[in-house]
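Scroll down for the structure; my scribbles are underneath it.
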Amino acid sequence: MSPEAHSAPRSLAEALRARDDASLAALLRSRPDLITPVPTDLTQLATRAGTRASVLRALERLDRFALQTAEALAVAPDPASCDTLLGLMAGDAGDETVARALPRAVATLREQALVWGDDERLRLVRTARELLAPSPQHPSPTGLGPTVQEATSGMSPGRIQEIVTTAGLPSTHDSVTAVAALTGLFTHRRKMAKLLAGAPEAAREVLSRLVWGPPYGQVTADPAAHLRWLLDRGLLLPTAPGTVVLPREVALHLREGRAHRAPEPLPPAVAPAATHSPQVVDATAAGQAYTALATVEELLKDWDEGGPAVLRAGGLSVRDLKRTAVALDVSEPVAAFWAELAYAAGLIASDGEADERYAATPAYDEWLELPPAERWARLARAWLAATRTPGLVGGRDAKDRTLSALGPGLDRSAAPEVRHRVLSLLAALPQGAAPDAESVLARLRWERPLRGGQRDGARDDDLRSRLARWTLSEAELLGVTGRGALSSQGRALLGAPAAPGASAAPGADSAEPTGPGDKLPVHHHRAPERLAPLSPAEQGVAAAAAARLLAPLLPEPLDHVLLQADLTAVAPGPLRRPLADMLGVLADVESKGGATVYRFTPASVRRALDAGRTAADLHAFLAEHSRTPVPQPLAYLIDDVARRHGHLRVGAASAYVRCDDDALLNEILADKRAAALRLRRLAPTVLAAPADPATLLEGLRAMGYAPAAESAEGDVLITRAHAHRTPPRTAPEPVPDGPPPPDATLLTAAIRAIRAGDLAATTPRKPVGEPLAGGELPRTSAAETLATMQAAVLTGDSVWIGYVNAEGAASQRVIAPIRVEGGFVTAYDHTADEVRTFPLHRITGVAELADD
């Protein structure tokens with residue numbers, strides 16, 4: 001390791017001041033909370049980097065070995081050398097793997113501004129030390145206890161001298177030297193080994209139980225002989241009545257110098273559980289993608305005339321979710337996923353009416369017009385960036401309320417990062433390799449051991465683990481993966497380079513970009529394990545590339561069906577939209593799968609006639625789109641329903657029935673099933689009922705008749721499904737996990753402003769008048785200000801001013817005056833790095849800069 005600077009910095013601010021712009025940019029990029037708002041100078045940046053909230057956030061983003069290194073520094077002397085740190089991490093015996101990985105961990109801590117100082121004087125930021133150092137309330141993750149000096153701080157001098165004497169050390173004249181002598185004994189390997197060699201076996205057993213933590217134990221007022229032996233020699237020190245602690249130095253000797261039982265310098269590898277042909281993976285994923293599109297369309301079609309009601313607290317009721325699951329023929333958690341996906345993509349929303357319901361948005365109609373591959377890409381892109389977490393549906397929130405689908409409380413800011421990371425790990429595997437889920441979880445725990453408050457990362461029910469499991473299952477449902485392996489379109493969605501040996505889909509030419517900003521694919525021997533998240537513009541390019549890879553793998557829509565004699569039609573694949581829409585009115589879906597089976601019934605044929613079609617239209621439609629002759633039973637069914645359709649007419653009286661055939665009306669009146677309709681004859685060809693027309697229509701249809709509704713003018717009413725749409729809605733915005741990472745433009749401007757502010761704050765100045773409290777710039781009179789400015793114009797020197805802007809905000813600036821006239825001074829502002837004009841009356845004070 002090399003020193004960070006030629007002279008050791010005395011503070012974190014000095015260490016930051018010695019960094020170049022690239023290093024500062026890396027710090028602000030990794031800790032974006034430090035740039036909101038932009039600090040005025042490096043001292044303020046260092047102060048903000050040491051706040052508890054910021055340090056906690058930075059610690060949560062460390063990998064396990066970097067965190068173990070920080071934990072070791074928290075129990076090391078302050079400051080500590082790299083050699084001391086290596087001893088704590090690798091132990092007395094040393095560990096070559098740890099030694100090779102330690103410089104990277106220290107560099108990470110330095111870059112994150114959690115550690116500063118050169119290699120001989122490493123210092124952990126004070127707040128981080130307070131968070132990670134051992135205390136009775138918050139045990140150290142290392143399992144170590146307090147030092148001898150800390151543990152004996154409240155002990156009487158006489159008792160300390162007794163311990164020193166019993167341990168075989170000469171007595172001293174004061175407690176400070178006595179504690180130092182005891183510390184020296186415990187840190188001397190040979191002398192300590194000699195001391196422990198004379199310990200009773202039971203005493204050594206006690207030490208072995210405390211050595212890896214927790215270091216605290218309970219003793220009675222009259223401890224046993226083996227405990228008394230340890231207490232008399234300071235190997236156990238009392239911290240409270242009945243409580244003892246194993247001193248840190250003793251524990252480190254028993255651990256052979258190691259701060260951690262098992263350092264983890266290397267991330268666990270993601271192991272493949274199975275390997276499939278890339279072509280099989282892509283084909284399977286494409287099939288899942290087609291199913292995903294069909295499922296979302298079916299969901300929206302089911303809600304086309306107005307979906308379930310919105311609960312008062314928001315979201316779907318349990319009953320509506322069950323009904324949706326039955327309609328989609330999936331489980332309730334999967335139904336919640338599809339509903340949340342459509343919501344995240346902006347395809348459904350609340351209509352905002354008084355009787356609030358969920359419905360399709362206008363964006364859904366636009367989405368339907370896109371090619372299938374582009375529709376899938378929009379869904380996949382929305383899923384990848386969404387913070388909505390369907391897996392939480394059915395759980396409980398902090399107030400023990402049930403979390404409902406489409407309701408509040410489902411946002412988890414970590415979800416996009418976990419999804420991206422899981423897919424990145426899959427992209428690092430060979431093409432066609434499906435990972436072992438447990439190895440993925442182990443890798444994520446190593447990368448973020450503190451996430452969700454889990455310091456040891458051992459629990460399996462933490463949020464990141466659950467998000468990872470949901471990601472693997474949702475990616476399979478959506479077609480991002482196939483048979484557990486990342487598909488080619490999934491790689492493109494991440495912006496990952498194509499894997500070696502990946503076959504281009506038929507008809508797809510991946511060697512030529514087809515849109516502005518598209519990049520040629522880059523082939524590497526192995527995909528990188530760490531893929532940076534894409535910007536919104538890059539996400540659009542990646543989604544378009546994924547759509548191009550998927551398009552040739554999706555089945556082509558068909559323009560025909562196969563009619564069968566049992567009043568069914570078989571669609572051997574996806575149908576073109578006009579055909580599918582018409583067939584959905586004329587027949588009922590009986591089964592779905594690779595081929596969809598439609599069944600023709602009197603009710604479905606009547607539905608088509610109600611929509612304005614004639615029998616001739618239906619015969620022509622079937623003859624045009626069937627690859628088999630129209631079966632005679634189907635033709636008879638259409639003609640029979642059409643012959644009876646509209647023979648009866650229902651209008652509003654409250655409601656009436658009229659028919660030219662009075663015998664048919666007599667038949668209806670004689671039918672016992674018509675009693676509930678309370679019909680009475682007004683004329684030989686007219687019956688009246690107190691029910692409304694819709695109820696009368698349904699009642700007669702239930703009796704087996706085929707009445708038609710008519711208008712006030714006597715014309716047949718054509719009934720079509722009413723497509724209910726919400727007003728224009730935007731898709732829900734993801735809830736960010738803290739401030740977003742700054743882009744390059746903001747970073748450049750922020751670093752320039754911080755550097756300029758730091759120059760203004762640290763430039764030496766000549767004293768002027770009596771200094772104000774806090775070292776602020778003294779006020780100068782208008783005449784003094786003007787004279788100093790005019791002199792600076794003549795000499796070309798820079799001056800330091802206090803300035804109050806039009807909003808009343810005060811600031812300090814270093815300026816080089818160019819001219820003074822009309823009550824204004826024009827100067828080059830070093831703080832803003834530009835030429836500006838300042839009103840003289842807003843300059844509160846001025847001072848010349850020191851010569852050096």
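At a threshold of 4.5 Å between non-hydrogen side-chain atoms, the residues L747 and I35 count as touching. Contact annotation: the side chain of R48 approaches that of P39 to within less than 4.5 Å [non-hydrogen atoms, C-beta and beyond]. The side-chain heavy atoms of L368 and E297, taken from C-beta on, include a pair separated by under 4.5 Å. P267 has its side chain out of reach of R64: every pair of non-hydrogen atoms, C-beta onward, lies at least 4.5 Å apart. Counting heavy atoms from C-beta on, the side chains of L575 and Y598 come closer than 4.5 Å. Taking the side chain as every heavy atom from C-beta outward, L109 and L62 approach each other to under 4.5 Å. Inter-residue side-chain proximity for Q489 and V480 is flagged as unmet; no heavy-atom pair is nearer than 4.5 Å. Between L493 and L423 there is no side-chain heavy-atom pair separated by less than 4.5 Å.
Distance check, rounded to the nearest 0.5 Å: CH2 of W338 to CD1 of I348 gives 13.0 Å. Separating the OG atom in S331 from the NZ atom in K322 is a distance of 13.0 Å, to the nearest 0.5 Å. For the atom pair L477 CG and L341 CG, the distance stands at 10.0 Å (nearest 0.5 Å). Atom CG in L384 sits 11.0 Å away from atom CD in E474 (nearest 0.5 Å). Interatomic distance, OG1 of T402 versus CG of L392, reported as 12.5 Å (0.5 Å rounding). Atom CZ in F337 sits 11.5 Å away from atom OG1 in T389 (nearest 0.5 Å).
With L444 as reference, V422 is the one residue of V422, D462, V270 to meet the side-chain contact (heavy atoms from CB on, under 4.5 Å) rule. Screening L467, L472, T471 for a side-chain contact (heavy atoms from CB on, under 4.5 Å) involving R419 leaves a single residue, T471.
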side-chain contact (heavy atoms from CB on, under 4.5 Å) assessment of W376 paired with V296: CA-CA 10 Å; W376 176 85; V296 172; over 6 Å; no
Chi angles and distances behind the salt bridge (Lys or Arg N to Asp or Glu O under 4.0 Å) call for E438, R469: CA-CA 9 Å; E438 290 304 320; R469 291 188 184 277; 2.7 Å; yes
Test side-chain contact (heavy atoms from CB on, under 4.5 Å) applied to V334 and L328, step by step: CA-CA 9 Å; V334 175; L328 298 180; over 6 Å; no
Evaluation steps, salt bridge (Lys or Arg N to Asp or Glu O under 4.0 Å), between E417 and R464: CA-CA 10 Å; E417 186 265 334; R464 285 180 65 85; 2.8 Å; yes
From CA spacing to verdict: side-chain contact (heavy atoms from CB on, under 4.5 Å), L549, D282: CA-CA 9 Å; L549 288 174; D282 289 348; over 6 Å; no
Stepwise side-chain contact (heavy atoms from CB on, under 4.5 Å) check, R61 with R31: CA-CA 9 Å; R61 282 161 173 73; R31 296 178 64 178; over 6 Å; no
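Around CZ of R52, the count of heavy atoms belonging to other residues, nucleotides or ligands within 6.0 Å does not exceed 12.
In terms of heavy atoms, A380 sits closest to L478 at CA-CD2, 3.7 Å. For the residue pair A427 and L494, the shortest heavy atom distance occurs at CB-CD1, 4.4 Å. In terms of heavy-atom proximity, T387 sits nearest to S413 at CG2-CA, 4.1 Å. Closest non-hydrogen pair, L299 versus A342, comes out as CD2-CB, 4.4 Å. When all heavy atoms are compared, the tightest approach of A485 to A433 is CB-O, 3.4 Å. Shown here for A386 and A344, the closest heavy-atom pair between the two residues is CB-CB, 4.1 Å.
Side-chain atoms of T361 come within 3.5 Å of backbone atoms of G346 as a donor-acceptor pair (strictly under, hydrogens ignored). In this structure, T481 contributes its side chain and E476 its backbone to a donor-acceptor pair below 3.5 Å. The main-chain N or O of A335 is never found under 3.5 Å from a side-chain atom of T324 such that the two would form a donor-acceptor pair. At distances below 3.5 Å, at least one donor-acceptor pair connects side-chain atoms of T127 with backbone N or O atoms of G50. The backbone N or O of L316 lies less than 3.5 Å from no partner atom in the side chain of R319, so there is not a single donor-acceptor pair. In this structure, the side chain of R607 engages the main chain of A587 through a donor-acceptor pair within 3.5 Å. At distances below 3.5 Å, at least one donor-acceptor pair connects side-chain atoms of S439 with backbone N or O atoms of A271. In this structure a side-chain-to-backbone donor-acceptor pair under 3.5 Å is missing from E356 to D351.
No side-chain donor from either of S350 and R357 sits under 3.5 Å from a side-chain acceptor of the other.
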